[in-house]
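Remarks on the structure that follows.
Each chain gets a letter, A, B and so on, in the order its sequence line appears, and its residues count up from 1.
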There are 2 protein chains.
Amino acid sequence: MTSSIKDVARVAGVSVATVSRALSGSTVVSPELTARIQAAIHETGYRPNLSARRLRSRDSGTIGLIVADIRNPFFTAVSRAVEDEAYRAGLRVILCNTDENPEKEAMYLNLMEEERVTGVIFAPTRQTADQLALQAWSFPLVLIDRVSARGGHDAVALDNAAASSMLVEHLHAQGYRRIAGVFGNASSSGAERHDGYVAAMFRLGLEPRSMFVPPQAQAAEQAALQWLAEAARPDALIASNGLLLMGLVRAVRQAGLALARDVAVAGFDNESWTEIVEPGLTVIAQPVDAIGRNAMMLLAARLKDPTLPARKLLLSGRCIARGSTARRVSPALPGSAAG
Amino acid sequence: MTSSIKDVARVAGVSVATVSRALSGSTVVSPELTARIQAAIHETGYRPNLSARRLRSRDSGTIGLIVADIRNPFFTAVSRAVEDEAYRAGLRVILCNTDENPEKEAMYLNLMEEERVTGVIFAPTRQTADQLALQAWSFPLVLIDRVSARGGHDAVALDNAAASSMLVEHLHAQGYRRIAGVFGNASSSGAERHDGYVAAMFRLGLEPRSMFVPPQAQAAEQAALQWLAEAARPDALIASNGLLLMGLVRAVRQAGLALARDVAVAGFDNESWTEIVEPGLTVIAQPVDAIGRNAMMLLAARLKDPTLPARKLLLSGRCIARGSTARRVSPALPGSAAG
DNA sequence: TTGAAAGCGCTAACAA
DNA sequence: TTGTTAGCGCTTTCAA
């Protein structure tokens with residue numbers, strides 16, 4: 001059916017070793033034989049068998065990319081960046097979705113062992129992240145987005161706390177004082193964003209008000225609706241990711257309030273809808289390309305020198321101010337701080 | 001370093017063949033030996049080497065998924081469905097982005113040959129689709145989204161013409177008559193959606209007005225701005241994909257017109273922003289899950305029987321009516337058909 | 001510069 | 001039921 005290096009050797013009248021050498025270019029093969037081999041490859045329609053090559057050379061040339069769900073726009077963008085870098089480096093990418101399920105995570109890590117992958121880029125749940133250090137992996141591992149508290153692994157993520165603070169400071173500068181926030185309870189990034197929010201609020205002398213919710217728009221919507229029904233309701237709401245942010249927008253509308261005029265809204269993830277909605281939503285844009293590229297970079301560095309100490313790379317977000325946090329003009333609500 | 005089946009055999013005091021058999025479960029191995037082998041696997045920390053297994057068994061257990069860009073929400077969703085099905089079937093997925101670049105397409109198809117993949121699911125450019133039949137591939141190939149005019153390959157796609165017609169008929173029923181459309185010029189689906197649009201317009205006695213544009217929001221925006229500046233401007237606009245649809249929305253706003261009241265807008269792809277924008281946008285929702293699942297199904301069927309004739313599967317879209325195409329109430333524009 | 005030969009880890013005849 | 005052995009396609013010694 002498909003022809004092997006043996007067939008090429010036979011047709012070219014050389015040994016398989018010579019064909020292999022001509023193919024790899026590692027050793028010099030005489031021009032004459034090289035030409036004959038080229039012709040034979042053409043004639044036989046030869047294609048290298050990557051499984052055989054891997055078995056022999058003990059290099060899979062493959063990296064695993066394990067994320068919660070590729071449909072999450074953050075992971076979509078990061079995946080694309082990772083793949084671009086991978087193919088530039090001549091590596092294949094195996095994509096895995098875990099749905100935040102620790103069992104699936106374990107299964108895929110196991111699969112990566114069996115694939116003898118060159119490396120793995122992984123966005124773990126909190127639970128798995130904490131146990132990751134307990135096991136010795138046969139491949140270098142770079143964590144993205146969710147960074148293990150225990151450390152010990154290379155990682156690249158948004159500087160979550162700083163980004164949250166940026167959001168709070170922006171709202172404060174625009175005249176908002178009663179700033180409440182919903183945060184995702186599934187990954188460590190939600191907790192870190194919460195920390196940054198609380199820290200910034202304290203720094204500004206404001207009283208934090210927050211809630212951890214499951215990663216569903218509806219959960220954020222419910223939380224926000226309760227807050228908005230209060231007499232001294234918040235004058236600004238923030239969400240720790242795009243999904244929750246959508247819930248906030250729905251809640252504001254359902255409460256019959258106007259974005260910005262009645263209540264400001266801001267959040268994380270510069271998804272396309274945050275720009276097209278009116279008014280546009282103020283968000284923290286994550287450096288998704290840089291996260292993917294740097295994850296590959298850390299992987300490459302570790303492959304080169306496995307003794308390197310673990311490195312944690314925190315990248316800054318960018319605050320994109322839009323209409324949803326326009327300067328507060330209406331009189332301060334009773335009970336709000338003077339600023 | 002990592003232990004092989006040989007190590008397990010030695011520790012368990014059996015032959016490698018017995019270990020292999022115990023692992024595969026193909027032949028019955030005595031309970032006693034099975035237990036000893038299990039213990040040895042545990043002790044040695046053995047992991048099967050998939051490259052070796054593939055080389056020997058001539059089954060890669062891997063499928064290739066080649067799309068234009070995973071960041072296109074349509075492909076994101078289809079990919080997820082494909083991966084779900086693949087992992088359910090015990091298959092790995094290698095993901096490739098071509099950026100609609102025929103050279104990249106050729107390179108990835110070539111890579112798939114070298115990987116000896118079990119099958120490939122591919123969304124080709126028009127150009128590549130037309131040449132696909134010229135080459136014999138060593139793997140079964142299922143086309144998605146963009147279906148080769150030449151036929152000859154298994155394929156699954158939206159029934160584009162019918163979906164376009166549905167959109168036109170909806171607009172007509174809502175009282176719109178001067179319906180213009182922008183269509184993507186890169187893939188075959190744009191052309192098919194155009195055909196369906198033109199056919200429906202003729203059927204309803206309306207005059208089609210269309211433009212093929214490159215797949216950029218700005219291109220649609222420019223086209224729409226020109227139309228909207230005319231005296232007898234269209235009273236409805238449609239777009240053949242989510243990106244172009246966003247361009248239309250921008251154009252309407254920039255022209256100082258109101259969605260629905262001044263001009264209706266509708267299009268393809270039920271992306272999250274089409275629901276959250278106000279008014280919500282009427283769209284054709286593609287059966288993304290079904291497209292992915294059916295692609296895997298066709299692949300499985302062909303693997304089982306390679307002699308099967310090529311099958312082309314067309315799936316129906318669903319028209320989701322939202323505010324952007326609310327019933328026309330203002331008086332008909334001068335020159336518009338009476339209906 | 002080239003060839004012969006060993007062997008990567010595994011599966012599947014074939015024998016026992 | 002189990003073991004022996006050949007060999008999947010390739011790379012890489014070691015010799016020539």
Side-chain angles (χ1 to χ4, degrees), chain A residues 1-38 40-41 44-62 90 92 111-118 138, chain B residues 1-38 40-41 44-62 90 92 111-118 138:
Chain A
M1 193 67 198
T2 80
S3 48
S4 78
I5 205 173
K6 226 174 183 169
D7 303 307
V8 176
R10 189 169 24 76
V11 171
V14 299
S15 73
V16 290
T18 304
V19 176
S20 174
R21 284 189 276 251
L23 247 33
S24 74
S26 60
T27 319
V28 181
V29 174
S30 76
E32 192 208 324
L33 290 195
T34 304
R36 260 160 56 196
I37 289 168
Q38 283 305 333
I41 287 175
T44 56
Y46 166 77
R47 309 266 182 176
N49 180 319
L50 293 183
S51 289
R53 204 171 256 181
R54 282 174 190 145
L55 174 59
R56 177 63 227 222
S57 67
R58 318 183 133 275
D59 176 13
S60 71
T62 302
R92 248 80 42 217
L111 175 66
M112 294 303 121
E113 294 270 7
E114 303 186 352
E115 290 278 1
R116 304 292 193 269
V117 292
T118 306
S138 62
Chain B
M1 193 67 201
T2 79
S3 49
S4 76
I5 206 173
K6 226 173 182 169
D7 303 306
V8 176
R10 190 170 24 76
V11 171
V14 299
S15 73
V16 290
T18 304
V19 177
S20 175
R21 285 190 277 251
L23 248 32
S24 74
S26 60
T27 319
V28 181
V29 174
S30 75
E32 191 208 326
L33 290 194
T34 304
R36 261 159 57 196
I37 289 169
Q38 283 306 332
I41 287 175
T44 56
Y46 166 77
R47 308 267 180 176
N49 180 320
L50 293 184
S51 289
R53 204 171 257 183
R54 282 173 189 145
L55 174 59
R56 177 62 226 218
S57 67
R58 317 183 135 276
D59 177 13
S60 70
T62 302
R92 251 78 44 216
L111 175 67
M112 293 305 120
E113 293 270 5
E114 302 187 352
E115 290 280 1
R116 304 293 194 269
V117 293
T118 305
S138 63

Practice prompt. To the nearest 0.5 Å, tell me how far A/R56 CZ sits from A/N49 CG.
Written response: 14.5 Å
Practice prompt. At the 4.0 Å heavy-atom cut-off to chain A, mark where contacts on DNA chain D begin and end, going 5' to 3'.
Written response: D/dC8 to D/dT13
Item to complete: Measure from the side-chain N and O atoms of A/T62 to the backbone N and O of A/S60, and report whether any donor-acceptor pair falls under 3.5 Å.
Response: yes
Worksheet item: If you look at every heavy atom in A/G13 and A/R36, which pair is closest and at what distance?
Response: O-NH2, 3.4 Å
Item to complete: Verify, without hydrogens or angle tests, whether A/S3 (side chain) and A/T44 (backbone) share a donor-acceptor contact under 3.5 angstrom.
Response: yes
Discussion item. Counting only heavy atoms and a strict 4.0 angstrom limit, can you tell me which residues of residues 51-59 of chain A come near DNA chain C?
Written reply: A/L55, A/R56, A/R58
Discussion item. Under 4.0 Å, counting only non-hydrogen atoms across every strand here, what does A/S20 touch: a base, just sugar-phosphate, or nothing?
Written reply: base
Worksheet entry | Contact boundaries on DNA chain C for chain A, cut-off under 4.0 Å to non-hydrogen atoms | C/dT1 to C/dG9
Item to complete: Before giving the answer on salt bridge (Lys or Arg N to Asp or Glu O under 4.0 Å), spell out for A/R92 and B/E115 the whole-Å C-alpha distance, their side-chain angles and the decisive distance to 0.1 Å.
Response: CA-CA 10 Å; A/R92 248 80 42 217; B/E115 290 280 1; 3.1 Å; yes
Worksheet item: Given that A/V16 and B/R21 both sit by DNA chain D, which one's nearest nucleotide is further toward the 5' end?
Response: B/R21
Worksheet item: To the nearest 0.5 Å, how far apart are CE in B/M112 and OG1 in B/T118?
Response: 11.5 Å
Worksheet item: Angle, rounded to 10°, between the helical axes spanning five pairs at each terminus of the helix from C/dT1-D/dA16 to C/dA16-D/dT1?
Response: 40°
Fill in: Trace of the side-chain contact (heavy atoms from CB on, under 4.5 Å) decision for A/R53 with A/L23
CA-CA 12 Å; A/R53 204 171 256 181; A/L23 247 33; 4.3 Å; yes
Fill in: Interface residues of residues 22-33 of chain B with DNA chain C (non-hydrogen, below 4.0 angstrom)
none
Item to complete: To the nearest 0.5 Å, tell me how far B/R21 CZ sits from B/I37 CD1.
Response: 9.5 Å
Fill in: Least distance between heavy atoms, A/V11 atom then A/A40 atom
CG1-CB, 3.7 Å
Item to complete: Can you sort out the partners of B/S20 under side-chain contact (heavy atoms from CB on, under 4.5 Å), two or more places apart, ordered by chain and number?
Response: B/I5
Fill in: Distance, nearest 0.5 Å, that separates CD of A/E114 from OH of B/Y46
8.0 Å
Item to complete: Determine the minimum heavy-atom distance between B/A52 and A/L55, stating which atoms define it.
Response: CB-CD1, 3.7 Å
Discussion item. Looking at A/S138 and A/E113, would you say the former's side chain and the latter's main chain have a donor-acceptor pair under 3.5 Å?
Written reply: no
